[in-house]
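First the structure, in the form of structure tokens, and then the observations on it.
Values below: every heavy atom of this structure, side chains too, minus hydrogens, waters and symmetry copies.
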Amino acid sequence: MREGSGLKAAGLRLFGLSLPLLLVVFLFSYLPLYGWIYAFYDYHAGMKLSDTEFVGFRHFTELIDNPVIANEIVRVLRNTFAMSLLGIATSPLPALFAIFLLEVRSRTFRKLVQTLTTLPNFISWILVYAVAWSVFSVGDGFLNRLLLELGWIETEINFLASSDHVWLTMLGYSLWKGLGWGAIIFLAAIASIDHEQYEAATVDGAGRFQKMRHVTIPGILPTFFVLLLLSIANFINSGMEQYFIFQNPLNKDKIEVLDLYVYNQGMVGQSISYATVVSMLKSLVSVALLFVANTLSKAVRKESII
Amino acid sequence: MHNRIRKFQVAALLMAVVLTAILGGCSGSSRNGSDSADSSKGSEGSKPAEAVTLQVFSLPSNTSGLQQGWFAEVLRDQVGVNLELLPAGDQGEQKLQALMAGGELPDIVVFKTKRQVEDAVRAGMLVNLDDHIDKLPNVVKNAPAALQYYRDAASNGSGKAYAIPNQVGPSEVGATINYGPLIRWDLYKKLGMPQIKDLEDYLPVLKQMQELEPKNKDGQKVYAFSLWQDWDSMQMMLAAQPSNFMGVDTGDQMGGSLPFMQVDVASGETMSILERDSQYIRALRFYYEANRMGLVDPDSLTQRWDTAVEKMNQGRVLFSIWPWYNNNKKELVDADPPTGFEFVPFDAYKGTWFGDNPIGNSWAFAISASTKHLDAALKYIDFMYSTEGLQVLMNGPEGVIWEMNEKGEPYITDQGWDLIENGKELPGGGVLGSAVNAVNAQGLSGAVVHPETNAPLNYALWPTTISRNPSKLSQDWQSTTGFKTQTEMLKAKNMYTLSTLAMKLVPTIPEEINAKAARIGDVVKTNSWLAVFAKNDADFDKFVDEMASKADALGLQEVLEWDASAWKQAQEEAERYK
Amino acid sequence: MVENPKTIGSIAFHLINYGVFAIFTIACVFPFYYIFINTISDNSLSSSGQILLLPQGIHFNNYAEVFRVRGLGSAAFVSISRTAIGTALTLVGTSFLGYAFSRPEYWRRKLWYRFVIVTMYFNAGIIPWFVTMKNLGMVNNFWAYVLPSIVAPFFVVLFKTYVEQIPASLEESAQIDGAGYGTRFFRIVFPLSAPILATIVVFTSVGQWNSFMDTLFLIRDSKLYTLQFLLYQYLNEVNAVAASLRSSPQGQLVDPSRLLTATSIRMTISIVVVLPILCVYPFLQRYFVKGLLLGAVKG
């Protein structure tokens, strides 16, 4: 038996073994995509597609058929970009969190920190807002009362309604909420680095930061880049719960990301067709970004993740 | 080694088998639930017929699962049905669309809007009730106009009835109508009850009241208004409210069915709410002035209803728009001296009073075309339109909560009040309100008069309830004004505007218009709040002008044109359902 | 300790490191603590933000209310089952697929790999999803909870990346023995991947535990309700009952202080839901902490 055909048979066997899994993916992720056809019809639930009017790309063009709306979309995309880029720029933080946590000597302290910092991940945004309210609101806010007591301010500051630094504030909240949780993946990645490398580095007389630089960071770099690429591709799905909860008329100009804008416009709830158009466009952009980012990664790191 | 390989291959094979088995075979099991429930429950009641379990999908409902408690027993005994509610949660609309797209609806559906009924009729998913009208005697007797209205307006042109609206009959007006204004009565009296001629005159009075009581007992600042924005849909909800004091609807009672149009209820005249002399802009200016005077809670921009109502409960608010939004706790209204909110209308007050509503509201019962229990479903719906059925639903069984007194009037017994006020469970389980809340839909209004008791169906509207031990605060109000109730005062002074049927007959808004309206609404909401919190008059004007110009660019004219034609149609139709 | 702990730089490093972590941890714990003391404090005090550091008017009515929700026991059982079964399936399915995609001989590897990855970015919308689930027999069916998530593309990618870092020699040696893919996967790759597997378990089980939308749309039989769903529904009910009561004639007969607001219930629910996670989490943590210790002690 020649090597090549043996390998091919093995490859097919492997494919066969994973076929049930691919089938699951097909059934649960691909089958529902037939619904994309609704984007081209004036669809109402319960009716046969043949009974509804075919409208071609009308739902797409309606999204931007107006100068006011075009302006708004520019503004919203600016917010989406800004906040996503801030998120991507801070993506090394969970990795650093994990690296530095390992430098903590006390095992109890380390476990405690690791467990407790995941807590914010479990608090829903609406409760995060309730907590933020208790600290920052004008009438009842702890911070305002403290500052008044100390005599640092004359009148209360309306922190929550402020239109300043909205992007940074939002970044702060999401970092606080996700840092400990996001570090889990990197803790796992570090845990799986071959210990011999550390031993060898120690023998070579490497210090703490040298070991970080030459052993730990290269060890978690693949994981880091995978996550980065995925988050770049996902940037258009900036989510909306956080922004929805924190939005108010004063900061709306800066906080409205794409998802929130679409929601605020009331288009999604009204019509299945509109909702489909929006999610299609988002999917297409995300997948396109994924391939662009991957091409860049191939050019720069000579490595592809997809 | 080979063993292990086998094992793995077997496992993979098994997985594939399990998958196909599940995918192929499980749809058959889904119906079993209802059948087994049928047989298990039959033995409990003494009735000969076995109770049938009906699947109910009620969009207004917030409960799910097999209905239990005292009213479930009533339904089992008197109607022969158990209700199994499908969850709707806050995703009801989505779930309805999903069920319809899936091709079948559960036995009974309670819709929330006429549009939903129209969609379901067009998709052929509902039973034509006219084919079975002989089995709906109570519907025919008690809700004829409502039935006819849906034959005309929600039948996809067939002229048959596919759904029946809820809450048919007079509106539930007892001691109060739906609108205030109410202010802190104790403070107002301390000020010597200055005259209030018009809406704007409240502001100086409220300012003086705030000076009388700058802080509550916990040392927290007191404001006249503490606003919230999470109830806004296409406009600032709280700015749409004051127009109701003048008998003008600004999209509140018509539920936004005529977006951005104000309607003078008495005359039927209309106007865009974005015109400078509209009631809406007037309300924005009212709040703006209030804010300049320090009367508006600065947290109004960022708080939710939850927080606002808590502030009311803590006595940090002086002005209330609705009778039910108050701080009248028992220990306060019976204190010495009593404190709390009472109705203080201005001289020009003409509050909207909801009158008779023969066509009901936008919620509606319907039966699924795929039901296997048609007779039971018809029986249940008819029960929900019978005075006997609703009497039990709203007031519990006679003898448990209420009885007839020697004058032949129904009254809540001491035991009944104990059950109601302390939230205790009735025999059979569940508190009184749990019955209404389960499906959260009822055919007739609670103000419909029961032929035997000669009193409204809802105990809250019984004369015996309304006159029940008034608090010191309301006694004070009664002796000062010389009227027993708010409604009595309004009637005597002719200070109300009776709502008209046309307001209920506005046709469903077409989707393109609605999409435009939603976009405009987003601008209107944002700019309204910005205007209220503007720093000076110039800023206020700027935000209001920008609101109008953006709305124009987004197609306001088209929306208003549709509004006008829809309103005209509604006025014409109102003649037909009188 | 190999390292010399005495140098000033090292001491400063540790001071700062401990300090920063301590502060951040407090910032993470405080809100949780705040939520907790509010659930046991007098509801009217808590909703006005008067409870900040210490609980006042301690009571457990909120918990009593929540635990009075009907069917909590069976729902907890369903939740635990879906979490256990769902996590196990995801663990095996996802890691095996990740492993398979790491093998260069996989038939048309790139194509199938992309076939799986891009699904992360598709969202057909809830209606086509529901119709598909219905056609697949997933309505009112326990399997609807666990089957769709067997393959989690995100972890397929992570697992593949991870496996590619395992020294090839380890797996090769088994290949020479003539072992098939199953053996190699279960006997060599799986044990070597404890940290990443633990990660998958943590993320998947929390996802399973917290999900309720599938119940809302797919499940009719209350025997299949999950804990999160019951609590979600209870919260909705509290909101709605208070709102409808307020504007109805009955509402005017009710003392306003008895109309509870939803915030305290919401807070109570989030404590009730997180506690089980916090109880289980340390056991999983072992798997990555063990790895950490080895690396750190020798470092």
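With a 4.5 angstrom heavy-atom cutoff, C/Tyr18 touches chain A via backbone and side-chain atoms both. Of the two parts of A/Phe97, the backbone and the side chain both hold a non-hydrogen atom closer than 4.5 Å to a non-hydrogen atom of chain C. Residue A/Phe209 touches chain C through its side chain alone, counting heavy-atom pairs closer than 4.5 Å. Interface residue A/Trp176: backbone and side-chain heavy atoms are both found under 4.5 Å from chain C. Looking at A/Ala233, the atoms closer than 4.5 Å to chain C (heavy atoms on both sides) sit in the backbone and in the side chain alike. Contact annotation for C/Val20: neither backbone nor side-chain heavy atoms come within less than 4.5 Å of a heavy atom of chain A. With a 4.5 Å cut-off on non-hydrogen atoms, C/Ile277 touches chain A through its side chain but not through its backbone. C/Tyr113 touches chain A through its side chain: at least one heavy atom from C-beta onward sits under 4.5 Å away, while N, CA, C and O do not. Heavy atoms closer than 4.5 Å to chain C are found in the side chain of A/Val226, but not in its backbone. In this structure, the portion of C/Ile35 lying under 4.5 Å from any heavy atom of chain A is its side chain and not its backbone. With a threshold of 4.5 angstrom between heavy atoms, C/Leu278 approaches chain A through side-chain atoms but not through N, CA, C or O.
Residues passing the ring pair (Phe, Tyr, Trp, His ring centres under 6.0 Å) test with A/Phe136 are A/Phe159, sequence neighbours excluded.
Side-chain contact check for A/Pro94 versus A/Ile185: every heavy-atom pair is 4.5 Å or farther apart. Using a 4.5 Å heavy-atom threshold, the side chains of C/Tyr162 and A/Thr223 count as separate.
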Hey, can you pull the donor-acceptor pairs under 3.5 Å for the side chains in residues 120-131 of chain A, sequence neighbours left out?
from, atom 1, to, atom 2, distance (Å)
A/Tyr129, OH, B/Thr302, O, 2.4

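Most heavy-atom pairs under 4.5 Å with chain C, from the set A/Trp181, A/Phe291, A/Tyr38: that is A/Trp181. Across A/Asn234, A/Val135, A/Val215, the residue that shares the most heavy-atom pairs under 4.5 angstrom with chain C is A/Asn234. By number of non-hydrogen pairs under 4.5 angstrom with chain A, the leading residue of C/Phe30, C/Phe24, C/Phe130, C/Phe154 is C/Phe24. Interface summary for chain C: among A/Leu179, A/Val285, A/Leu284, A/Leu112, the most heavy-atom pairs under 4.5 angstrom belong to A/Leu179. Of the listed residues A/Phe142, A/Phe26, A/Phe225, the one with more heavy-atom pairs under 4.5 angstrom with chain C than any other is A/Phe142. Counting heavy-atom pairs under 4.5 Å between each of A/Ile193, A/Thr115, A/Val287, A/Thr276 and chain C puts A/Thr115 at the top. Ranking C/Ser149, C/Ser270, C/Ala27, C/Gly125 against chain A, the residue ahead of the rest is C/Ala27, based on heavy-atom pairs under 4.5 Å.
Taking CH2 of C/Trp129 as the start and CZ of A/Phe28 as the end, the distance is 10.5 Å to the nearest 0.5 Å.
Between the side chains of C/Tyr281 and A/Thr118, no donor-acceptor pair is found at a separation under 3.5 Å. Under 3.5 Å, the side chains of A/Tyr198 and A/Thr216 contain a donor-acceptor pair of N or O atoms.
Using cut-offs of 30° and 60° on the angle between ring planes, the pair A/Phe186 and A/Phe224 is tilted.
With ring centers used as reference points, C/Phe96 lies under 6.0 Å from C/Phe185. Taking the ring centroids of C/Phe115 and A/Tyr30, they lie under the 6.0 Å cut-off. Aromatic rings of C/Phe101 and C/Tyr106 (six-membered ring for Trp) have centroids within the 6.0 Å cut-off, being under it.
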